[in-house]
Each structure stands twice: as structure tokens, then as C-alpha cells.
Enquirer: 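Sharing a structure below in C-alpha cells format, with a few things to ask.
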Amino acid sequence: MSDHHYERAVVPASLIETLREKFGDRVSTVQAVLDQHGKDEGWHDASPPDAVVFATSTEEVAETVKLCAAHDVPIVPFGTGSSLEGHVAALRGGICIDVSRMDQILEVNNDDLDCRVQAGVTREQLNEHLRDTGLFFPIDPGANASIGGMTATRASGTNAVRYGTMRDNVLSLTVVTPEGKVIKTAHRARKSSAGYDLTRLFVGSEGTLGVITEIGLKLYGIPEAMSAAVCAFPSVEAAVNTTIMTIQAGIPVARIELLDALQIRAVNNYSKTGYDEKPTLFFEFHGTEAGVKEQAEFVQSVAEEFGGEGFQWATRAEDRNKLWAARHKAYYASLQLEPGKRGMSTDVCVPISRLAEAIMETREDCDASILTCTMVGHVGDGNFHTLILLDPEKPEEVAEAHRLHERMVMRSLRLGGTCTGEHGIGYGKLAFMEAEHGADTIAIMQAIKHAIDPKGLMNPGKLVPGA
């Protein structure tokens with residue numbers, strides 16, 4: 001799907017002039033700025049907005065939204081642009097509200113293990129701020145994404161097997177509605193049975209129901225001990241079976257990441273590491289000294305049962321950081337395998353018992369393809385990705401990438417899974433929504449969208465088909 005399917009809205013010059021009067025040089029119509037805000041890290045077609053407003057407060061977001069609503073002009077929220085499914089493309093033009101300057105950490109409640117931040121705060125910024133408190137925020141999608149963007153896409157990442165996703169860690173939200181009203185979805189209590197769960201409605205709404213401006217988050221105590229390990233396996237299947245047995249045994253492992261042999265080669269070349277070029281699992285264990293030692297010994301024995309070898313331990317913080325930095329750069333490492341090509345990053349999630357089947361069949365498809373594909377996975381919760389390298393100027397490569405992606409998604413659905421474990425829908429996965437949810441469920445989503453955003457101005461063309 002491409003942006004040429006959408007008719008761009010008319011943005012009156014008077015609206016941009018009014019915005020300039022209010023916000024001065026924090027309104028930009030410079031083409032380079034527009035282009036930057038019309039695309040994310042994914043490979044989908046870009047579509048720039050007509051202007052970008054750099055907001056610094058909830059009140060400024062509300063003022064901007066009210067003005068846009070009065071002129072029937074679309075609104076696209078923007079954090080850091082690190083999403084992957086075309087989430088920030090202004091498919092109908094309009095005004096982009098960039099919240100990156102809303103970067104204040106508003107409160108940290110050490111005793112209650114929670115905090116409240118503006119939407120532009122990044123996860124690395126938050127953890128740097130928390131460093132001396134003994135607390136941390138665990139959701140780690142790899143990119144240094146904004147907390148607002150992570151909330152809007154229901155982000156996940158390497159720690160999700162232990163700490164859950166954004167869905168599990170957002171306590172409350174401040175949201176600007178499509179007509180410019182400011183609402184709060186909840187208070188600071190850890191649980192509530194009072195009314196519809198609006199917090200969960202907006203978590204994962206991808207900017208289609210309103211602009212998230214503040215987020216209340218759960219925090220966690222930094223574990224007494226952390227240990228990481230790398231282990232190579234004779235096959236992808238052996239690595240996946242190790243993962244399944246570890247999870248089914250109830251071991252509270254913090255992270256289990258799978259990298260296939262080609263991905264390991266790419267990581268070695270890009271990050272100057274020296275891992276064996278075999279399917280590999282990266283582990284991390286959190287807890288007490290004794291608990292971490294016990295967890296690690298159990299997992300090592302399981303891995304050896306499936307042919308795992310060469311366990312490399314990393315207990316020092318700098319060694320663990322180097323290991324996870326290499327893992328987080330896997331996307332860029334893969335792109336260097338064929339410089340000049342773009343990467344289609346896929347993302348499915350299946351029940352853990354079907355993981356081996358899903359990964360093996362996907363690997364067979366990739367091996368038989370004309371395209372180069374690497375594979376990584378947050379396999380502890382059944383979530384994995386392939387990065388398909390393609391030249392967007394070659395129709396046969398684009399068609400083949402779409403074929404591989406569709407087979408991967410439909411296989412996941414057949415196995416009881418989902419078309420996306422963490423990337424979200426944007427407009428890149430819109431075509432799979434009905435296959436996953438069915439027409440009646442989509443109709444409910446459309447009704448919610450229409451009830452909250454009757455003019456269809458909030459990030460149009462995303463998440464909900466036909467809305």
C-alpha cells in the first residue's frame with residue numbers, strides 16, 4: 001500500500017500563519033524538515049506533512065489540535081521516527097505535531113515505583129535520570145524511542161518475556177482528543193475497576209484516537225545481580241527447543257534472543273564481535289546472586305542437551321552492554337550485508353509451543369528465496385522477525401519480499417498468532433487486520449474510531465481499515 005491511494009487535505013495558508021503567530025519558529029515548512037517527519041525507519045513510502053509544529057506542552061498540543069479540527073486538517077503525532085510500519089507518514093498531508101521537545105520527567109515516586117513523563121522523553125533519558133534511584137524502566141525496543149511513541153505503538157522488546165510490554169507498564173495517560181480537549185485516563189493506583197479501561201484503549205492506538213502527551217509508568221528495582229550469556233547451537237531448531245523448554249520450566253529469564261547464522265555473521269562484521277557463525281541465543285538473568293546462578297546453570301544444562309556449546313558468560317556491566325549493543329544493532333548490521341538495499345523488517349508472534357514450527361518453515365521460505373533474509377527473535381515470548389533485503393527499484397524483488405512477508409503472517413495466524421508482536425500496524429500491515437480479527441471485530445474498531453474521531457483527522461489511513 002502506498003500514499004498515492006490517499007487524497008491530500010487542503011491546508012489553508014491562514015492556518016499555518018496562525019500557528020506561526022502562536023509558536024514562532026517552532027513551526028516549520030522547510031522541505032527537509034517535512035521530509036524527515038514524513039517517514040520512519042521502515043522501508044514504506046514516505047509522505048511529508050504540510051507543516052511541523054514542535055510543541056513543548058500539553059496545552060500547546062491542545063491549541064494546535066483545536067486549530068486543525070476547526071479547518072478539518074489531519075494531525076500526525078511524531079516522537080523520534082523510529083517506528084517501522086509507516087506510522088508517521090502524513091498520507092493525507094496536514095500538520096505533524098512533533099513532541100520531541102516535550103522531554104520533562106515530571107515526577108518520580110520512589111516509594112511507589114512509578115513516574116510520570118512527557119511524551120518526548122526517551123527510554124535512555126529516563127533510565128539515565130533514574131540511575132541513582134535504584135530503579136529502572138525495563139521496556140527496551142532497541143531504538144532510543146520516545147515514551148509517547150512506545151505507548152502509541154504498544155512497544156515491546158528484549159525484556160518483554162520478564163517485564164511485559166508497554167500494555168503492562170503504563171499506569172495512566174494524558175491525551176489530547178481530536179477536538180482538542182485534555183483528558184486523563186487514570187490515576188496512580190496500580191489497579192482500578194472504575195469504568196472502561198481507557199488507558200489500554202489509547203496504548204497501541206498509534207495516534208488514531210488522540211495525541212498522548214504524558215505517561216504514568218511502572219518502575220522496577222534494579223536487580224541485585226545480572227548475568228548474560230551467549231551460546232551457539234547446531235541448528236535453529238535446537239536453539240528454539242532450548243527456548244521452549246526454558247520457558248515451560250518456569251525459569252524467570254529476563255531475555256532470550258535468537259540470531260540465526262547469517263545474522264551472527266552480519267553482527268560480527270558490523271560490531272567487530274567474534275561469535276561462532278551458528279544459530280545463537282543471547283540470554284540475560286536478573287535476580288539475587290544465588291537466583292541468577294541457579295537460573296543460568298539450569299539453562300546451560302538445557303542448552304547442552306540440545307547441542308549448545310561454547311557458553312560465554314558476561315557478568316560485568318560493560319561486557320553485558322557490549323553484548324546487547326551488538327544485538328540492538330542487528331538491523332543496521334543486516335543492511336550492510338548488501339549495501340544500498342532497503343530492509344523490510346517483518347514481525348510476527350506465535351504461542352511458544354508453535355514457535356519451532358513457525359521459525360523453521362519461515363527459514364525454509366527464506367532459504368529458497370532470491371532475496372537475502374536474516375532472522376532475529378525475542379523468542380522467549382514467541383516473537384520473531386526476518387529482515388528481507390530488497391531493492392525498491394526492482395519490482396520483482398518488492399513482489400518477492402511481499403510474498404515472503406504474507407506467507408509469514410498467514411502462517412502465524414494459522415498457528416494462533418498475530419501479524420505483529422510489537423511493530424504495530426501503521427499502514428504497512430493494514431491489509432492483514434481483517435484476516436487476523438474478522439469483519440465483525442474490525443467493525444467495532446471502526447465504531448470506536450468514528451465515535452472518538454468523527455472527522456477522521458487523527459493519523460488517517462493507519463491501524464483501522466476503512467476508518
Side-chain angles (χ1 to χ4, degrees), residues 123-124 127-128 131 136-145 156-163 220 222-233 236 238-240 242-243 246-247 251-287 289 291-304 306 308-337 374-381 383-385 387 422:
R123 65 173 186 84
E124 289 182 7
N127 278 321
E128 180 65 25
R131 190 172 57 179
F136 80 120
F137 180 65
I139 308 304
D140 177 6
N144 187 24
S156 178
T158 57
N159 274 323
V161 64
R162 170 86 179 245
Y163 297 99
Y220 296 80
I222 295 172
E224 173 192 325
M226 295 186 189
S227 179
V230 179
C231 183
F233 289 84
V236 169
V240 173
T242 297
T243 301
T246 298
I247 297 301
I251 301 302
V253 62
R255 314 194 213 198
I256 308 182
E257 296 288 300
L258 169 69
L259 292 78
D260 72 359
L262 184 57
Q263 182 67 74
I264 287 289
R265 182 191 306 169
V267 164
N268 282 341
N269 291 341
Y270 188 80
S271 295
K272 306 295 183 266
T273 47
Y275 302 120
D276 288 345
E277 289 185 11
K278 295 179 178 178
T280 299
L281 290 178
F282 287 16
F283 300 95
E284 189 164 273
F285 308 95
H286 294 178
E289 294 282 358
V292 163
K293 184 172 184 291
E294 186 179 339
Q295 292 169 37
E297 287 174 351
F298 177 88
V299 172
Q300 183 168 357
S301 68
V302 172
E304 288 170 352
F306 288 102
E309 57 188 27
F311 248 82
Q312 298 177 41
W313 293 100
T315 51
R316 295 189 311 164
E318 54 265 44
D319 294 334
R320 288 200 322 276
N321 291 342
K322 183 180 177 184
L323 183 155
W324 293 113
R327 162 62 187 90
H328 283 325
K329 292 173 184 171
Y331 175 81
Y332 301 103
S334 294
L335 292 178
Q336 292 306 305
L337 289 171
T374 58
M375 185 178 289
V376 299
H378 314 312
V379 286
D381 50 16
N383 185 197
F384 69 98
H385 315 267
L387 187 71
E422 58 186 6

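Every heavy atom of this structure was used, including side-chain atoms; hydrogens, water molecules and symmetry mates were not.
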Enquirer: When you compare the side chain of R123 with that of I139, does any pair of heavy atoms fall below 4.5 Å?
Expert: no
Enquirer: Got a second to check how far D381's CG is from N159's CG, nearest 0.5 Å?
Expert: 10.5 Å
Enquirer: Of all heavy-atom pairs between G380 and V161, which one has the smallest distance, and what is that distance?
Expert: O-CG2, 3.5 Å
Enquirer: Which donor-acceptor pairs under 3.5 Å do side chains of residues 275-282 form with protein atoms, sequence neighbours excluded?
Expert:
unit_1, atom_1, unit_2, atom_2, d
E277, OE1, R265, NE, 3.3
K278, NZ, E309, OE2, 2.5
T280, OG1, K278, O, 2.7

Enquirer: Not counting sequence neighbours, which residues clear side chain to side chain contact (heavy atoms under 4.5 Å, CB included) with E224? List them please.
Expert: T288, E289
Enquirer: Does any part of the side chain of Y332, heavy atoms only, come nearer than 4.5 Å to the side chain of S271, both counted from C-beta?
Expert: no
Enquirer: Please report the C-alpha distance between E422 and H385 in whole Å, then the side-chain angles of each, then the deciding distance to 0.1 Å, and finally whether the side-chain contact (heavy atoms from CB on, under 4.5 Å) criterion is met.
Expert: CA-CA 10 Å; E422 58 186 6; H385 315 267; 2.9 Å; yes
Enquirer: Within this structure, what is the CD-CG distance for the pair E257 and N383, rounded to the nearest 0.5 Å?
Expert: 9.0 Å
Enquirer: Start with the C-alpha distance between I256 and V299, add both sets of side-chain angles, then the distance that settles side-chain contact (heavy atoms from CB on, under 4.5 Å), and finish with yes or no.
Expert: CA-CA 11 Å; I256 308 182; V299 172; over 6 Å; no
Enquirer: Between H286 and Y220, does any side-chain donor sit less than 3.5 Å from a side-chain acceptor?
Expert: no
Enquirer: Tell me, with the steps shown, if I247 and V253 meet side-chain contact (heavy atoms from CB on, under 4.5 Å).
Expert: CA-CA 8 Å; I247 297 301; V253 62; 4.1 Å; yes
Enquirer: If only atom types and distance count, is the side chain of R255 paired as donor or acceptor with the main-chain N or O of F285 below 3.5 Å?
Expert: no
Enquirer: Looking only at non-hydrogen atoms, find the nearest pair between P252 and R162 and report the distance.
Expert: O-NH1, 3.1 Å
Enquirer: So, for T242 and F233, which heavy atoms are closest and what is the spacing to 0.1 Å?
Expert: OG1-CE2, 3.2 Å
Enquirer: Apply the test salt bridge (charged side-chain N to carboxylate O under 4.0 Å, His left out) to residues R316 and E318: give CA-CA distance (whole Å), side-chain angles for both, the deciding distance (0.1 Å), then the verdict.
Expert: CA-CA 6 Å; R316 295 189 311 164; E318 54 265 44; 3.3 Å; yes
Enquirer: Could you walk me through whether F283 and F311 pass side-chain contact (heavy atoms from CB on, under 4.5 Å), step by step?
Expert: CA-CA 10 Å; F283 300 95; F311 248 82; 4.0 Å; yes
Enquirer: Tell me whether D260 contacts the main-chain N or O of T374 through its side chain, where contact means a donor paired with an acceptor under 3.5 Å.
Expert: no
Enquirer: What heavy-atom pair brings I222 and R131 nearest, and what distance separates the two atoms?
Expert: CD1-O, 4.4 Å
Enquirer: Side chains of K293 and E297: does their closest heavy-atom pair fall under 4.5 Å?
Expert: yes
Enquirer: If we only count heavy atoms from C-beta on, is the L258 to Q263 side-chain gap below 4.5 Å?
Expert: no
